[in-house]
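A short write-up of the structure that comes next.
When reading the values below, keep in mind they use all heavy atoms of this one structure, side chains included, and skip hydrogens, waters and symmetry mates.
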Amino acid sequence: MLKITSSVNPKVKRAIDLREFKNRKALGLSLIEGEREILAALEAGVDIQELFVAEKYTNPSVVAIIKKCERLTSEIFELSANVFQKIAY
C-alpha cells in the first residue's frame, strides 16, 4: 500500500476529475465512494483498479475491502486526512 500525502499527486487529481461525468465518460472509469457501495461493486464483479483509503483506517469492513482488493491486484493507496477530504464528495 502506497501512502499519498499531496493533493497534487496525479492519482489524486484524476480521482477528483472523475467527479464530472464528461471526465468519467472520456476515461471510461467510474468513482465509487463509501464502504457499502464498494462492497456491492466487489460482489457484482466490478474490476476495482484503484482503492483510496483514509489513513488510520480501523473499521473492520474497510480492512475486509482492502484484503479483497489486494487479492484482485488493485492498486491501494492510503491517503492523508487532508488529501482524503479533497477526493471525497
Side-chain angles (χ1 to χ4, degrees):
M1 182 176 333
L2 299 172
K3 184 162 185 156
I4 297 176
T5 58
S6 172
S7 60
V8 296
N9 181 290
K11 300 267 185 195
V12 173
K13 285 183 165 186
R14 187 174 70 177
I16 291 169
D17 287 344
L18 290 175
R19 291 182 194 162
E20 295 185 32
F21 175 75
K22 68 178 182 175
N23 295 327
R24 292 191 302 271
K25 186 173 181 179
L27 294 170
L29 298 171
S30 293
L31 184 64
I32 304 169
E33 184 175 3
E35 297 166 32
R36 185 176 16 179
E37 290 79 9
I38 294 169
L39 281 171
L42 286 167
E43 290 173 8
V46 172
D47 178 28
I48 295 181
Q49 296 177 4
E50 298 174 343
L51 178 68
F52 298 95
V53 297
E55 65 184 346
K56 300 179 183 169
Y57 55 87
T58 55
N59 185 321
S61 62
V62 172
V63 173
I65 290 169
I66 291 169
K67 287 181 181 181
K68 285 182 182 185
C69 286
E70 284 174 337
R71 287 193 299 270
L72 299 171
T73 66
S74 303
E75 286 187 275
I76 303 171
F77 303 95
E78 182 180 22
L79 305 181
S80 63
N82 65 323
V83 175
F84 192 79
Q85 286 297 323
K86 291 267 187 191
I87 67 167
Y89 69 104

Under the salt bridge (Lys or Arg N to Asp or Glu O under 4.0 Å) definition, can you give me all pairs with a residue in [range], not counting sequence neighbours?
range          : answer
residues 80-89 : none
residues 26-41 : none
residues 50-73 : Lys3-Glu55, Lys11-Glu50, Arg14-Glu50

Would you mind listing every ring-ring contact (aromatic ring centres under 6.0 Å, His included) that reaches into residues 12-47, with sequence neighbours excluded?
none
Return the minimal non-hydrogen interatomic distance between Ser30 and Leu18, and the atom names on each side.
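In terms of heavy atoms, the two residues are closest at O-CD1, 4.1 Å.
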Hphob cluster co-occupancy, [X] + [Y], side-chain heavy atoms under 4.5 angstrom:
X     : Y     : answer
Ile65 : Met1  : yes
Leu29 : Ile32 : no
Leu31 : Val62 : no

Side chains of Leu51 and Ile38: closer than 4.5 Å at any heavy-atom pair?
yes
Using a 4.5 Å side-chain heavy-atom cut-off and chaining through intermediate ILVMFWY residues, the residues clustered with Ile87 come out as Leu2, Ile4, Val12, Ile16, Phe52, Phe77, Leu79, Val83, Phe84
What distance do Asn9 atom CG and Ser80 atom OG have between them, rounded to the nearest 0.5 Å?
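It comes to 10.0 Å.
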How long is the straight-line distance from CG of Leu72 back to CG of Asp47, given to the nearest 0.5 Å?
7.5 Å
Any pair counted as side-chain hydrogen bond (donor to acceptor under 3.5 Å, both in side chains), so long as it reaches residues 16-29, sequence neighbours left out:
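Residue pairs passing side-chain hydrogen bond (donor to acceptor under 3.5 Å, both in side chains), neighbours aside: none found.
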